[in-house]
> 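Sharing a structure with you now.
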Amino acid sequence: MLEHATMITADAERGAAVVLGATLTLDQPAAEVARAVLRSTAHGVYEARVNGRAVSEDVLAPGWSAYEWRLQVQEYDVTALLTDRTDTVEVEVLLGNGWWRGGLGFTGLKLDYDSALGFIGELQVTYRDGGAQLLTTGPHWNARLSSIVENSLYDGVRIVADAAKGPRLDVTTVEFDRSVLVPQVKPAIRRHETVRPERIWTSAGGKTLVDFGQNLVGWVRLCASGPAATEITVRHAEVLEHGELATRPLRGARATDTFVLSGGDDVFEPTLTFHGFRYAEIAGHPGPLTPDSIEAVVVHSAMPRTGTFECSNPLVNRLVENSVWGQKGNFLDLPTDCPQRDERLGWTGDIAAYAATACYQFDCADVLHGWLLDLAAETEHGGHVPFVVPNVLKFIPSEARAKAAHMLVPTAIWGDAAVWVPEALWWAYGDQDRLAAHYPAMVRHLESVEARISPSGLWDEGFQFGDWLDPTAPADRPWESKADGGVVATACLYRSASFAADAAGELGRPEEARRWRDLADRTREAFLKHYVHDDGTILSDAQTVYALAIHFDLLEGDQRQAAGDRLAVLVAEAGHRVATGFAGTPFLTWALADTGHIDDAYRLLLQEEGPSWLHTVTLGATTIWERWDSMLPDGTVNAGEMTSFNHYALGAVVDWLYKTVAGIRPAEPGYTRLLLQPTPGPGLDWARGALDTPRGRVECGWRREEGNDGAIHVDVRVPEGIEADVVLADGSRRTVTGGTHSFLTTVCPSPQVRTIS
C-alpha cells in the first residue's frame with residue numbers, strides 16, 4: 001500500500017498549517033481518463049484538493065488511531081475532478097496538527113506522537129486504453145505556509161485571510177514504516193448539519209454572546225466584511241455562569257478561534273479544530289452580528305441514525321435526545337469521554353458503560369470495530385487494556401508514570417471494554433468475523449486480570465475506578481463510591497468471563513470456552529461466598545452492588561429476588577433518586593424491573609429532583625452531563641476540576657427505555673429473532689420505539705386505552721422473514737412473523753410485572 005510514495009513534510013512553526021502540492025502532466029487528454037484515484041494518509045490531519053476542488057466531504061482525516069501500529073489510508077475517486085483540464089492535474093494538501101502533534105492529555109501534559117508532521121499519498125490515473133500514470137509524494141513536491149497560522153484541537157485556530165499565498169517552504173522526507181498502513185475501517189468525519197443562533201445579545205459585561213440552543217460539537221462558520229487586518233475572536237463554552245461564558249470547565253483548553261479579515265467578503269470555517277459548545281462569544285466583529293452571518297456546523301463520524309424513542313413525557317423525550325446529541329459529539333472518529341476540555345480521549349470505561357445504547361441509536365458498527373482494533377493493538381503491546389485508546393498516556397514522562405505506577409494496572413469496567421463493547425456489537429449486528437477479530441483482546445484482558453485475582457478468588461486488590469462518580473462520593477475523590485470496589489470488580493470479571501466463554505463457543509473453540517466458563521464459575525462462587533450475606537444483602541449495601549449482581553446473573557435461587565427487594569428499598573429510601581455512578585447506572589432500572597419492581601424503576605426514571613436523569617433536563621441540559629450535579633440548581637457550575645456537560649456514560653439508562661419501556665430486544669444476535677416486550681409503568685400514557693436492524697425495521701409501542709381502565713394496546717412491526725416473541729404486560733406470550741400486529745391486554749392486578757427473558 002502506497003509502496004511507491006514517500007512521506008513528506010515542510011518545516012514550519014508548530015502552530016502553522018502548511019500546503020503541500022504537485023502537478024501531474026497527463027500523457028493523454030482528460031477525456032481519455034477512465035479513472036483517477038487518490039490514496040493518502042497523514043501524521044496529522046489533512047484536506048486534499050484536486051484542480052482546486054475538495055476530493056471529498058471528509059474533515060480531520062485520517063482521524064485518530066493507534067498510529068504506531070495502525071494508520072488508516074483513505075481512497076478517493078477523483079475522476080470527476082479531472083474533466084475540466086486537458087493537460088495537467090494540480091494536487092494540493094492542507095496539513096495540520098490534529099491528534100498527531102496535538103499537545104494532548106490533561107493537567108498540562110501536552111503529549112505529542114512526534115514533533116514532525118507528514119503526508120503520504122499517490123494519485124493513480126488510468127486511461128481508457130489501459131495506460132496509467134502515478135503521481136506520488138516525494139521531495140519534488142512544493143510547500144508553502146497556509147493562511148492558518150495557528151491550529152490546535154484544544155486551543156483553536158488563527159486564520160489570516162489574505163489573497164497572497166504564503167511563503168515557500170522546503171520539502172523534506174520523513175522516515176516512515178509503511179507496514180503500519182491499513183485500509184480505512186472507521187467511517188469518515190464529516191459535517192452533518194448546521195444550527196442557526198436562537199439568540200444574539202449583549203451580556204451585562206458588554207460581551208456579544210450567541211446561543212445556538214443546543215450543546216454540540218464542531219465549529220462556527222462566520223461571514224464577515226470589514227477593514228483589512230480586523231480581528232474577530234470567537235470563544236466557545238457549553239454553559240453560561242452569571243450571564244457570561246463558563247470557561248473554567250475547559251481547564252487548559254483555550255477553545256478560541258481568531259479570524260483576521262482580508263478587507264473583502266470573508267467566510268471563515270476552522271476545519272482543523274473542533275469545539276464542544278452551545279454558546280459563543282464574538283469580539284471584534286465589524287458592525288452588528290446577525291443570525292445570517294453566523295452558524296454552528298455539527299461534525300462527527302458518518303453513522304446513520306438507526307433507533308428512535310418517544311413517549312408521553314416530554315422530559316423523557318428530551319433525555320433521549322440528550323443521549324443522541326452526546327453520542328454525536330463524542331463519536332468524532334472514536335468514542336471519547338468529552339469533546340470540549342483538555343482531554344477528549346478514548347476513555348474505555350465510558351464506552352463500556354454506553355456501548356449497548358450507542359448501537360441502538362446509530363449504526364456505529366464500523367466506528368467501534370475500528371476502535372476495538374486499536375484497543376487490541378494497544379493491549380498487545382502494553383500487556384493490558386489501557387485507560388484510553390489510542391493510548392496517548394503512554395507518552396507521559398517516565399518520572400510521572402513511576403509516581404502513578406500503582407494506578408497503571410488492569411481495572412474493571414475500563415478494561416472490560418475489551419469484552420463489553422464486542423458483546424454489544426455482537427448482539428446488535430451478529431457479525432461473527434468481527435467477533436473473531438475482537439476475541440484476542442478479550443483473552444489478553446482476562447489473562448491480565450487472572451494474574452491479579454487474590455487467593456480468595458476475588459478481584460479485590462489494586463487500584464479501581466469503581467463506581468466512578470457515584471453522587472455520594474466526595475467531589476474531589478470520585479472513585480470513593482459507596483459500592484465496594486472489590487464487589488464491583490469481581491462482578492465485572494464474572495460478566496466478562498461469561499461472555500468470553502460464549503464468544504469462544506460461537507467461534508468453535510470449545511476448550512477456550514470451558515476455560516472461561518470455569519473462570520466465571522469460580523468467580524461467581526467466590527462472589528457468593530465472600531460478598532453475599534445469609535440475609536441476602538451484599539457487601540456495602542449500595543444500589544450499584546445489587547444492580548450488578550442482579551443484571552449480571554450472579555445470584556442463586558431466592559437471592560435474586562431478595563436482592564431486588566433490597567434494591568427497591570434502597571431506591572425508595574433515597575426518595576427514588578439515583579445513587580450510582582458509571583458502574584451501576586446502566587443497570588439500575590434493569591435490575592428493578594427484572595425483579596418485579598417496575599413501579600420503582602419508573603419512579604426513578606421520572607424523578608425530577610437531583611440526583612436524577614430528569615433533574616438535569618429541568619436545568620436545561622441538551623446533552624448528558626459528566627456529573628449528576630455538573631450544574632447546581634442556582635445556575636453555578638460544579639466547583640470541581642472535572643466537570644463536563646457532554647459525557648454520555650450516565651445516559652446509558654436510555655438503553656432500558658429502548659429495550660424495556662418500548663420493548664425492542666434481540667432474542668438472537670443481529671436481531672435474527674426478536675423479543676418484543678413493551679413494559680408499561682406508572683407515569684407514562686404511551687411509549688414507542690423503532691429500530692433499523694440488520695434484518696429490517698422493527699417497531700414496538702404501547703398506549704393505554706381511553707375509557708378502559710387497565711387495558712393496554714400494543715402495536716408491533718416485524719421485518720419479513722423474521723420471527724418475534726411478543727410478551728405482553730399480562731405475562732402472555734405470542735409468536736408472530738413479518739408484518740404489523742396489534743394486541744389488547746389487561747395489566748395484571750399487581751403493578752409489579754416480572755420480566756420474561
Side-chain angles (χ1 to χ4, degrees), residues 2 5-22 38-49 54-56 58-74 76 91-105 110-122 137-139 141-159 166 169-178 180-182 184 186 188-190 219 269-274 299 301 332-334 344-346 374 390 392 395:
L2 297 176
T6 302
M7 181 170 281
I8 59 174
T9 191
D11 188 21
E13 293 293 328
R14 176 188 175 95
V18 300
V19 176
L20 303 167
L38 177 68
R39 300 179 183 89
S40 50
T41 191
H43 285 164
V45 294
Y46 75 97
E47 298 172 10
R49 303 178 76 84
V55 301
S56 75
D58 299 0
V59 294
L60 297 168
W64 187 11
S65 59
Y67 294 129
E68 306 96 320
W69 306 291
R70 299 186 66 257
L71 179 60
Q72 292 192 127
V73 175
Q74 293 69 58
Y76 303 113
V91 179
E92 277 197 339
V93 175
L94 175 67
L95 180 63
N97 289 320
W99 295 272
W100 177 262
R101 195 170 65 181
L104 303 174
K110 297 188 181 302
L111 305 173
D112 296 331
Y113 281 86
D114 201 298
S115 60
L117 302 181
F119 173 77
I120 185 170
E122 64 181 24
T137 48
W141 279 49
N142 58 68
R144 60 178 174 83
L145 286 176
S146 76
S147 61
I148 303 170
V149 298
E150 295 177 11
N151 76 105
S152 162
L153 296 183
Y154 290 174
D155 293 338
V157 305
R158 179 181 176 86
I159 303 175
L169 302 171
D170 292 331
V171 174
T172 58
T173 60
V174 178
E175 187 175 340
F176 175 66
D177 177 9
R178 69 188 68 247
V180 305
L181 297 175
V182 296
Q184 181 159 344
K186 293 185 287 186
I189 306 167
R190 290 184 174 166
W219 49 69
E269 187 171 0
T271 58
L272 295 187
T273 189
F274 65 89
V299 177
S301 292
L332 197 151
D333 198 57
L334 67 151
R344 316 184 197 187
L345 307 178
D374 289 329
V392 69
F395 299 126

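Both backbone and side-chain heavy atoms feed into the values below; hydrogens, waters and symmetry mates do not.
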> Please identify each residue that fulfils salt bridge (charged side-chain N to carboxylate O under 4.0 Å, His left out) with Asp155, with sequence neighbours left out.
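Once residues adjacent in sequence are excluded, Asp155 has no partner under the salt bridge (charged side-chain N to carboxylate O under 4.0 Å, His left out) criterion.
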> Side-chain atoms of residues 11-20: list all donor-acceptor pairs with protein atoms under 3.5 Å, sequence neighbours left out, distances to 0.1 Å.
| unit_1 | atom_1 | unit_2 | atom_2 | d |
| --- | --- | --- | --- | --- |
| Arg14 | NH1 | Asp112 | OD2 | 2.8 |
| Arg14 | NH2 | Arg101 | O | 3.4 |
| Arg14 | NH2 | Asp112 | OD1 | 2.9 |
| Arg14 | NH2 | Asp112 | OD2 | 3.1 |

> So do Val45 and Asn151 actually touch side chain to side chain, heavy atoms under 4.5 Å?
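A side-chain contact under 4.5 Å is absent here.
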> Val174 and Ile8: which non-hydrogen atoms are nearest, and at how many Å?
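For Val174 and Ile8, the tightest heavy-atom pair comes out as CG2-C, 4.1 Å.
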> Do you know which two heavy atoms are closest between Trp219 and Glu269, and how far apart they sit?
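Of all heavy-atom pairs spanning Trp219 and Glu269, the closest is NE1-OE2, 2.9 Å.
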> Check the angle between the aromatic planes of Trp99 and Trp64 and answer parallel, tilted or perpendicular using the 30° and 60° thresholds.
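Geometry flag for Trp64 against Trp99: parallel rings.
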> I want to check something: taking the side chain as every heavy atom from C-beta on, are Val157 and Glu150 in contact at a cut-off of under 4.5 Å?
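No; the side chains remain at least 4.5 Å from each other.
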> Let me confirm one number: the CG-OG1 distance from Leu117 to Thr9, rounded to the nearest 0.5 Å.
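It is 5.5 Å, given to the nearest 0.5 Å.
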> For Asp333, is there any backbone N or O sitting under 3.5 Å from a side-chain donor or acceptor partner on Ser301?
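Yes, because the side chain of Ser301 sits within donor-acceptor range (under 3.5 Å) of the backbone of Asp333.
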> Does Tyr113 reach the main-chain N or O of His43 with its side chain, forming a donor-acceptor pair under 3.5 Å?
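A pair under 3.5 Å: no.
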> Please identify each residue that fulfils salt bridge (charged side-chain N to carboxylate O under 4.0 Å, His left out) with Glu122, with sequence neighbours left out.
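Listed in chain order: Arg39.
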> Which pair of non-hydrogen atoms, one from Ser56 and one from Tyr76, has the smallest distance, and what is that distance?
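The answer is OG-CE2, 3.4 Å.
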> Return yes if some donor-acceptor pair links the side-chain N/O of Gln74 with the main-chain N/O of Gln72 below 3.5 Å, else return no.
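Here the side-chain-to-backbone pair exists.
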> Please report the interatomic distance CD1(Ile120) to CG(Leu2), rounded to the nearest 0.5 Å.
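The CD1 atom of Ile120 sits 5.0 Å away from the CG atom of Leu2.
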> Mind running side-chain contact (heavy atoms from CB on, under 4.5 Å) on Val93 and Thr137 for me, showing each step along the way?
CA-CA 11 Å; Val93 175; Thr137 48; over 6 Å; no
> Roughly how far, to the nearest 0.5 Å, is CG of Asp177 from CH2 of Trp69?
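Trp69 CH2 to Asp177 CG: 12.5 Å, rounded to 0.5 Å.
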> Please check if the side chain of Glu68 supplies one atom and the backbone of Arg70 the other of a donor-acceptor pair under 3.5 Å.
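No.
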> Return the minimal non-hydrogen interatomic distance between Thr41 and Leu181, and the atom names on each side.
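For Thr41 versus Leu181, the nearest heavy atoms are CG2-CD2, 3.8 Å.
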> For residues Pro139 and Thr173, report the shortest heavy-atom separation together with the two atoms involved.
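Scanning both residues, the minimum pair turns out to be CD-CG2, 3.9 Å.
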> Going from OG on Ser65 to CG on Leu334, what distance comes out if it is rounded to the nearest 0.5 angstrom?
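Those atoms lie 9.5 Å apart.
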> How many angstroms lie between atom CD of Glu47 and atom OG1 of Thr271, to the nearest 0.5 angstrom?
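Atom-to-atom, Glu47:CD and Thr271:OG1 are 3.5 Å apart.
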> With distance as the sole test, does Asn97 use its side chain to make a donor-acceptor pair with the main-chain N or O of Ser152 at under 3.5 Å?
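Not confirmed, Asn97 side chain does not pair with Ser152 backbone.
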> Tyr67 and ring-ring contact (aromatic ring centres under 6.0 Å, His included): which partner among Trp100, Phe176, Phe395?
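For Tyr67, the ring-ring contact (aromatic ring centres under 6.0 Å, His included) check succeeds only for Trp100.
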> Quick one: pull up NZ in Lys110 and CG in Leu104 and give me the separation to the nearest 0.5 Å.
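Here the interatomic distance stands at 10.0 Å.
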> Using the ring of each side chain (for Trp, its six-membered ring), is Phe119 parallel, tilted or perpendicular to Trp141, with breaks at 30° and 60°?
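Judged by the thresholds at 30° and 60°, the geometry between Phe119 and Trp141 is tilted.
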> Which heavy atom in Leu153 sits nearest to a heavy atom in Thr273, and how many Å separate them?
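The answer is O-OG1, 3.2 Å.
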> In sequence, state the C-alpha distance, the side-chain angles, and the governing distance for Val299 and Val59, and then conclude on side-chain contact (heavy atoms from CB on, under 4.5 Å).
CA-CA 9 Å; Val299 177; Val59 294; 4.0 Å; yes
